[in-house]
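A quick write-up on the structure given underneath.
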Amino acid sequence: MKVAVFSAKPYDQASLGAVQCPLTWHYLEPKLDVETAKLAHGHQVVVAFVNDDLSAPVLAELKKAGVKMVALRCAGFNNLDLDAANALGIRVARVPAYSPEAVAEHAIALIMMLNRRLHRAYNRVRENNFSLDGLLGFNLHGKTAAVIGTGAIGLATARILAGFGCTLTGFDVKPNPAFSALGGQYLGFDQCIEGADIISLHCPLTPDTYHLINAQRLGAMKRGVMLINTSRGALLDTQAAIDALKSGQLGYLGLDVYEQEGDLFFEDLSNRIIPDDVFQRLLTFPNVVITGHQGYFTQEALSAIACTTVQNIEAFAKGGRSGNELTKA
Ligand code: NAI
């Protein structure tokens with residue numbers, strides 16, 4: 001079976017290529033969109049990633065090209081029009097939980113970096129500047145950390161935060177008994193964000209969670225709060241975050257995802273002018289750390305993604321269902 005892999009980087013080729021299977025991979029560097037969908041011609045399966053466009057017009061192009069299945073090599077599927085996939089009869093599967101610890105550990109890395117100002121300390125020491133002015137942190141022990149979305153990644157994050165001695169609060173539309181078992185206390189959303197010293201977002205991006213953190217909610221948080229988003233960029237109204245950073249209401253911001261990341265992330269743009277003024281403004285703050293959607297990027301996660309992607313495609317090839325399908329039977 002021929003499989004077209006979009007947005008394929010060398011590390012994707014290495015991890016997919018390492019799985020023993022009879023699939024024929026065709027690695028395509030471009031992102032999937034309405035133009036590049038034609039490249040899928042002659043392939044029954046397309047493998048796509050977080051910033052590939054799987055909107056209705058793109059799915060229609062894939063259908064015309066003869067594609068019968070889309071295998072997402074990620075957990076989130078906010079970039080996919082599921083109704084359109086169902087209507088077109090294109091089967092879709094994803095990798096629901098490949099390594100929650102990978103993303104959780106990255107969220108913690110952002111917390112530690114911001115709190116102890118490691119991004120600034122690193123540069124200072126390299127210039128023989130050993131002054132501590134401006135590097136003052138706080139103990140995580142005893143602080144209240146709110147986890148928004150206590151699924152696989154939220155729970156893994158909560159486990160680490162519990163180890164630091166944080167008081168855990170959480171909000172989820174579907175409470176997870178494992179979070180309560182850790183000592184986490186579920187609160188209403190507003191109460192949860194209003195009482196926290198650190199807030200970490202781990203819920204999916206859906207129409208309900210678009211700009212979940214907006215100006216009004218930022219205003220209701222504790223002054224100087226730390227906000228971490230490793231989930232999806234559009235959970236946060238970025239302009240509102242900039243305003244809150246300027247006023248000091250938001251004390252720290254750690255992002256692994258960004259609303260308009262599709263135009264930026266995963267590419268080397270170091271020789272280009274970035275036209276996104278909102279992103280550029282974010283980079284000017286000393287209390288903002290941004291990484292380019294690398295939360296998932298560990299060896300363990302890449303091999304788990306590759307294995308599950310192959311299982312999903314093989315189940316489809318055999319006329320079965322993998323259990324990771326998003327589309328209806
Ligand atoms: P999961 O499905 O295990 O957990 C998501 C949780 O969010 C569930 O408990 C669900 O009930 C809850 N939820 C849904 N709507 C909510 C709402 N309106 N308010 C509060 N909670 C809500 O998913 P998992 O594996 O924990 O992933 C979470 C998100 O992390 C993904 O949707 C994806 O966007 C992001 N992600 C980011 C990665 C990165 O590299 N930065 C990698 C993998 C996932």
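Counting convention: from 1, in listed order, for ligands and their atoms alike. Residue numbers start at 1 and run along the sequence shown.
When each atom of ligand 1 is checked for a heavy atom of Gly295 under 4.0 Å away, the hits are 40 (O). For ligand 1, the atoms sitting less than 4.0 Å from at least one non-hydrogen atom of Thr230 are 37 (C), 38 (C), 39 (C), 41 (N), numbered in the order shown with element in parentheses. Atoms of ligand 1 found under 4.0 Å from any heavy atom of Thr209, numbered from 1 in the order shown, are 17 (C), 18 (N). Listed by number with element, the atoms of ligand 1 under 4.0 Å from a non-hydrogen atom of Tyr296 are 39 (C), 40 (O), 42 (C). Against a heavy-atom cut-off of under 4.0 Å, Cys203 is close to the following atoms of ligand 1: 7 (O), 13 (N), 16 (C), 20 (C), 21 (N), 22 (C). Counting atoms of ligand 1 from 1 in the listed order, those under 4.0 Å from a heavy atom of Asp256 are 39 (C), 40 (O), 41 (N).
Ring centroid separation for the pair Phe179 and Tyr186 comes in under the 6.0 Å cut-off. The aromatic ring centres of Phe266 and Phe49 sit less than 6.0 Å apart.
Closest protein heavy atom to atom 19 (N) of ligand 1: Phe171 CE2, 3.4 Å. Taking atom 30 (O) of ligand 1 as the reference point, the nearest protein heavy-atom neighbour is Ser231 OG, 3.4 Å. Nearest protein neighbour of atom 16 (C) of ligand 1, counting heavy atoms only, is Val173 CG2, 3.6 Å. The single protein non-hydrogen atom nearest to atom 14 (C) of ligand 1 is Pro204 CD, 3.5 Å, given as residue, atom name and distance. Closest to atom 4 (O) of ligand 1 among all protein heavy atoms lies Gly151 CA, 3.2 Å. With hydrogens left out, the protein atom closest to atom 11 (O) of ligand 1 is Asp172 OD1, 2.6 Å, a heavy atom.
Rounding to the nearest 0.5 Å gives a distance of 11.0 Å between CD1 of Ile199 and CZ of Arg217. Remark: Glu61 CD to Asp53 CG distance equals 11.0 Å, nearest 0.5 Å.
Ligand 1 has an N or O atom lying under 3.5 Å from an N or O atom of Ile153, backbone or side chain. Note: no N/O pair closer than 3.5 Å links Tyr98 and ligand 1 by distance alone.
For the pair Arg281 and Phe285, the cation sits on the ring face: its NZ or CZ lies under 6.0 Å from the ring centre, inside 45° of the axis.
The nearest non-hydrogen atom to atom 3 (O) of ligand 1, considering only Pro100, Ala152, Ala97, comes from Ala152. Across Gln294, Arg232, His202, heavy-atom proximity to atom 33 (C) of ligand 1 is greatest for Arg232.
A side-chain hydrogen bond (donor to acceptor under 3.5 Å, both in side chains) with His43 holds for exactly one of Lys2, His26, Lys68; it is His26.
Residue Tyr122 qualifies as open at atom OH: its count of foreign heavy atoms under 6.0 Å is 12 or below.
Salt bridge status for Glu194 with Lys222: absent, with no side-chain N to carboxylate O gap under 4.0 Å. Salt bridge Glu267/Lys31: absent, no basic N to carboxylate O contact under 4.0 Å.
Residue contacts with ligand 1 for His293 involve side-chain atoms from C-beta outward but no N, CA, C or O (heavy atoms, distance under 4.0 Å).
A donor-acceptor distance shorter than 3.5 angstrom exists from the side chain of Asp276 to the backbone of Val278, with no hydrogens or angles considered.
Phe171 is not listed as a side-chain neighbour of Leu187, based on a closest heavy-atom distance of 4.5 Å or more.
Distances from ligand 1 to the non-hydrogen atoms of Val103 include at least one value under 4.0 Å.
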